[in-house]
Amino acid sequence: MKTTFIPIDYDYFDFEGRNYIKIIGRNKEGKRICVIDTCHIYLWAILEEKLSEKAVKEIREEIQKIKLNIKGRETQVEKTELHEKNFLGKKVNAIKIFATNYKDLHDIANRLDLKGIEKRRGYDLGFITHYILEKNIIPLNWHEISGEMLNNSNEFGGIDKSLDIDFCIKLESAKPLKDEKDSNDIDKTIFTPKVLAYDIEADEFRIGEGEIIMISLVSDKFKKVITCKKHEKTKKLDYVEYAESEKELLEKFVEYVKKISPDFLVGYFSDGFDLPYLKTRAEKNKIKLSLGLDDSQPRFFKGAVLTGKISGIVHIDLLKFIKTAYSQYMQSETLSLNEVANEFLGEGKKQFEIKHSSKLDENELERYYEYNLHDSVLTYGLFFKFWPDLIEFTRIMQEPIFNVSRNGMSSNVEDYIIHNLEKFNEIPERRPTYDEIGSRRKIEKYEGAFVLEPTPGLYENISLFDFTSSYGSVIVTYNLSKSTFISQEEIKKEKKKIEDSYSIKALNKEVHFSKKPGFFPEMLKEIIKKRKQYKEELKSSNLESKKEEDVLKRAKSNAFKLLANASYGYQGFFGARYYCLEAAAATAAFAKKSIKEAIEKIDKSGYKTIYSDTDSIAFLLQNKTKTQVKDFLKKLNSELPGIMELELEGFFKRGIWVTKRTGDIGAKKKYALINEEGKLKIRGFETVRRDWCKLARTLQNKVIKEVLEDGNEKRAMVSIKEVIKKIKKREIDIKQLIIKTQLKKPISEYKAISPHVIAAKKMLGKEMPIDPGALIEYYISETKTGKPGKKQLIREKVKLPDEKGEYDIEYYLNHQILPAVENIFQVFNIDIKEIANCKNQKKLCEF
DNA sequence: GACTGAACTATACC
DNA sequence: ACGGGTATAGTTCAGTC
């Protein structure tokens with residue numbers, strides 16, 4: 001039979017010693033299809049140079065003899081082939097060694113310690129990656145497939161009988177449907193999946209320690225809260241369904257998931273909370289959480305954090321994807337569902353103070369249902385907000401969405417590389433061993449970016465240039481990568497010449513990179529090119545366009561941008577297959593050189609550079625016009641090597657740079673600009689730091705705004721005086737004075753007991769859940785808890801927000817408000833501390 | 001017990 | 001363990017007098 005097919009979930013199973021892929025997806029009619037297929041399994045033995053034909057033949061014969069008996073399963077090498085391949089850019093002869101089961105590849109590799117074999121590669125990719133590489137059936141791309149229907153046949157042990165699907169196909173052929181570019185048929189590109197969002201509420205925060213009291217489910221035209229906390233008097237809400245016990249609640253949950261049978265089961269922080277909680281409670285109640293299409297229970301994988309996988313239904317934890325794909329652009333201070341939903345959906349969580357269920361009265365219970373339901377409503381909304389990005393990330397990395405949605409950027413870069421190696425006839429590099437990672441991590445850091453020390457002051461008519469995909473274009477321009485790096489040994493052996501190479505001083509030595517294009521820079525060149533292309537296509541369309549085509553384009557543009565930016569970090573990342581510290585260090589060094597040269601040219605051309613950080617330059621227009629600046633930019637670009645390019649970030653009416661708190665030199669990474677429309681761009685100031693109290697932040701923001709709008713400090717002076725008076729009169733609401741600091745590690749590991757650690761300890765005493773990552777809130781009170789007489793530490797005055805007490809006037813004045821504005825007034829030669837504390841001017845003191 | 005620089009800690013920038 | 005280095009600035013710690 002023939003059908004269309006979009007692969008969603010990839011899994012595999014063994015049958016008669018062989019690996020089979022099991023892909024769950026849908027066709028255009030919305031039918032759920034399971035595709036069974038297999039592919040060749042192999043690894044590579046890279047041969048030493050200049051081996052005789054006879055020697056190669058002998059090695060192949062030797063390999064052919066390998067027989068394994070592992071865990072009672074006997075297998076052997078099926079066949080070998082000799083290929084001309086590339087490994088790290090070098091031409092090599094390699095033996096392709098075919099095996100029956102991918103689980104044997106490691107063991108076969110261990111047996112290949114033969115003379116003449118230099119390296120063994122391609123045994124650590126995992127079967128799913130291997131399959132996608134071999135068969136080119138890329139996740140979330142539409143395919144046209146044909147194959148044999150397995151209708152309750154006994155093939156593969158009757159696998160399809162136990163699967164809740166429409167039909168099961170043993171694949172014969174598959175080809176991708178036409179590229180969306182060649183077609184106006186929009187539903188070839190957009191696929192609207194069936195999604196079920198869920199959220200649980202439990203009596204304890206610790207996984208599995210309390211009862212699950214309700215679960216909300218939201219899908220298309222479907223809203224439900226199942227609960228085992230029924231209040232007799234409560235009028236029944238139409239979406240609430242009662243269960244007699246936690247056990248029945250869990251059973252009903254499983255029933256609903258099975259009935260709705262979504263493509264995606266989506267939660268928020270559900271890898272770390274909801275799913276493991278459900279699992280533990282199901283175990284306690286001695287029932288099976290058979291959520292999988294094959295009735296299997298969720299499987300959990302240990303990584304840095306737990307991940308929960310359900311067979312056939314893709315479990316998505318939206319938090320993880322948002323963290324890697326979007327957090328760098330976000331305004332939210334935390335990635336809590338409330339803040340993230342507010343930012344992307346314009347609507348936050350329902351207000352509700354969570355209590356133990358035994359303490360809830362009927363009104364509260366009803367509000368609890370609403371609260372629980374709303375969390376799923378938000379999660380559902382967020383899923384579709386990010387669906388275009390999820391699709392495009394998946395299509396670009398070519399790995400299953402389950403993985404891509406959880407990957408960090410380094411894994412994304414690596415997936416992209418692995419799936420694009422074939423174009424370069426490259427054999428994949430292996431993962432570093434545990435020991436290699438260890439020694440890489442010990443290596444001293446290399447020198448990074450250049451930051452120009454600004455001269456503090458208020459400036460007018462400023463222009464900002466920055467290098468587009470700065471580090472990425474450096475890598476491409478100077479061909480910096482593991483495969484193009486010319487090592488000391490190679491130079492010594494005179495195997496490679498360094499006269500005609502890209503060279504720079506980095507890591508306290510001269511490093512050289514071949515000019516022959518390497519696959520990594522070539523891939524990156526393509527990434528940057530695509531990013532540019534999609535960005536330009538979008539520019540001609542409406543930026544806010546909601547057309548599906550544009551939405552996908554925006555997602556693509558974003559994915560390629562992130563890939564380009566992450567590729568520098570990737571080469572310096574200790575866990576990378578293509579780790580190359582020299583390349584990373586050289587990238588930073590070349591970038592530093594480029595920006596310094598650009599600054600020099602800018603200054604020589606009648607402008608005045610006032611600040612620069614890594615890839616951006618702020619300079620004064622002096623007497624020049626905007627047109628002149630634009631022409632000058634063109635000239636600069638014509639002189640830049642390779643794909644290096646500067647772009648105009650914008651023109652600004654005014655800008656302020658301040659001094660460091662200690663000493664009177666200019667502070668780096670701290671400035672504020674205002675453009676002609678009056679829009680502010682504030683960097684580094686306390687305003688943008690979440691560990692300063694709201695009062696200090698809003699006041700500083702106001703002061704910056706007024707100073708930049710007016711060009712003088714008069715209005716700002718009035719603002720600050722008002723606030724000082726209010727503080728001294730105790731007119732400030734505690735809410736404005738709450739300091740939020742994140743707990744970065746377990747309380748016991750802190751060497752220095754700072755205020756937020758004390759606050760965390762207090763919370764622990766109140767049985768509040770405190771884990772690393774929690775944002776601790778507190779304020780500084782006047783209460784003294786330390787020994788009398790001794791100099792008081794700030795931590796001795798810490799109080800939790802709901803603890804009664806008076807705020808410490810002195811602290812908030814001298815540790816929050818004044819430090820936040822002091823340096824700004826200093827630009828106008830005003831000592832705001834003296835004014836506030838009435839030093840040296842008792843007669844004039846206004847407070 | 002007060003003072004001071006170092007250490008520790010969190011957060012931001014690009 | 002799950003991108004990198006550069007930078008500011010707070011609070012506490014530990015050594016000195």
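Per chain, numbering begins at 1; letters A, B, ... match sequence-line order.
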What I want to find out is whether Glu749(A) reaches Lys744(A) closely enough, with some N-O distance under 4.0 Å, to be called a salt bridge.
no
Over how many whole Å does the gap from Leu452(A) atom CG to dC14(B) atom P extend?
13 Å
Does Leu480(A) offer a backbone N or O that forms a donor-acceptor pair with the side chain of Gln571(A) under 3.5 Å?
yes
Select base, sugar-phosphate, or nothing to describe what Tyr570(A) touches, counting heavy atoms under 4.0 Å on all strands.
nothing
Parallel, tilted or perpendicular: which fits the ring planes of Tyr611(A) and Tyr671(A), with parallel below 30° and perpendicular above 60°?
tilted
Residues within residues 582-595 of chain A bordering DNA chain B, heavy-atom distance below 4.0 Å
none
What is the distance from CD1 of Ile417(A) to P of dG3(C), rounded to the nearest Å?
14 Å
With a 6.0 Å cut-off (strictly less than), is the heavy-atom count around NZ of Lys323(A), excluding the residue itself, greater than 12?
no
For Arg577(A) and dG3(C), give me the distance from atom CZ to atom P, rounded to whole Å.
16 Å
For Tyr671(A), answer base if it contacts any base atom (sugar-phosphate contacts may also be present), sugar-phosphate if it contacts only those atoms, and nothing otherwise; contact means non-hydrogen atoms under 4.0 Å.
sugar-phosphate
Round to the nearest Å and state the distance from Lys323(A) atom NZ to dG3(C) atom C1'.
14 Å
Give the ring-plane orientation class for Tyr502(A) versus Tyr478(A), where under 30° counts as parallel, over 60° as perpendicular and anything between as tilted.
perpendicular
Answer yes or no on whether Lys309(A) is positioned over the face of Phe402(A), meaning its NZ or CZ is under 6.0 Å from the six-membered ring centre and within 45° of the axis.
yes
For a quick test of reading the model: is some side-chain N or O of Tyr750(A) closer than 4.0 Å to OP1 or OP2 of dA7(B)?
no
To the nearest angstrom, the CG-P distance between Leu775(A) and dA10(B) comes to 11 Å
Name the orientation class of the two ring planes belonging to Tyr811(A) and His815(A) (parallel below 30°, tilted from 30 to 60°, perpendicular beyond 60°).
parallel
Using whole Å, report how far CD1 of Ile617(A) lies from P of dC14(B).
13 Å
When we call it a touch if two heavy atoms are under 4.0 Å apart, what does Gly572(A) touch: a base, just sugar-phosphate, or nothing?
sugar-phosphate
Between Asn565(A) and Ala449(A), which residue's closest nucleotide on DNA chain C lies nearer the 5′ terminus?
Asn565(A)
Contact class for Tyr446(A) vs. all strands (heavy atom < 4.0 Å): base, sugar-phosphate, or nothing?
sugar-phosphate
For Gln571(A), answer base if it contacts any base atom (sugar-phosphate contacts may also be present), sugar-phosphate if it contacts only those atoms, and nothing otherwise; contact means non-hydrogen atoms under 4.0 Å.
nothing
Measure the distance from CD on Glu453(A) to P on dT6(C) and round it to the nearest whole Å.
16 Å
Please give me every residue in residues 737-746 of chain A whose heavy atoms get under 4.0 Å of an atom in DNA chain B, ordered by residue number.
Thr741(A), Gln742(A), Lys744(A), Lys745(A)
Flag side-chain contact, heavy atom, 4.5 Å: Ser481(A) against Phe519(A)
no
Give a yes or no on whether Phe269(A) atom CZ has more than 12 heavy-atom contacts from other residues, nucleotides or ligands under 6.0 Å away.
no
Protein-nucleotide distance (Asn412(A), atom CG; dG4(C), atom P), rounded to Å:
15 Å
Heavy atoms under 4.0 Å is the rule here; annotate nucleotides 8-17 of chain C 5' to 3' with B where the base is hit, S where only the sugar-phosphate is, and - elsewhere.
SSSSSS----
Can you see if the side chain of His756(A) gets near the phosphate of dA10(B) - specifically, an N or O under 4.0 Å from OP1 or OP2?
yes
dA10(B) versus dC2(C) - spacing of their P atoms, nearest Å:
16 Å
Report yes or no: is the cationic atom of Arg299(A) (NZ for Lys, CZ for Arg) under 6.0 Å from the centre of the six-membered ring of Phe301(A), at an angle within 45° of the ring normal?
no
Parallel, tilted or perpendicular: which one describes the rings of Phe485(A) and Phe513(A), with boundaries at 30° and 60°?
tilted
Quick check: are there more than 12 heavy atoms from other residues, nucleotides or ligands sitting under 6.0 Å from NZ of Lys799(A)?
yes
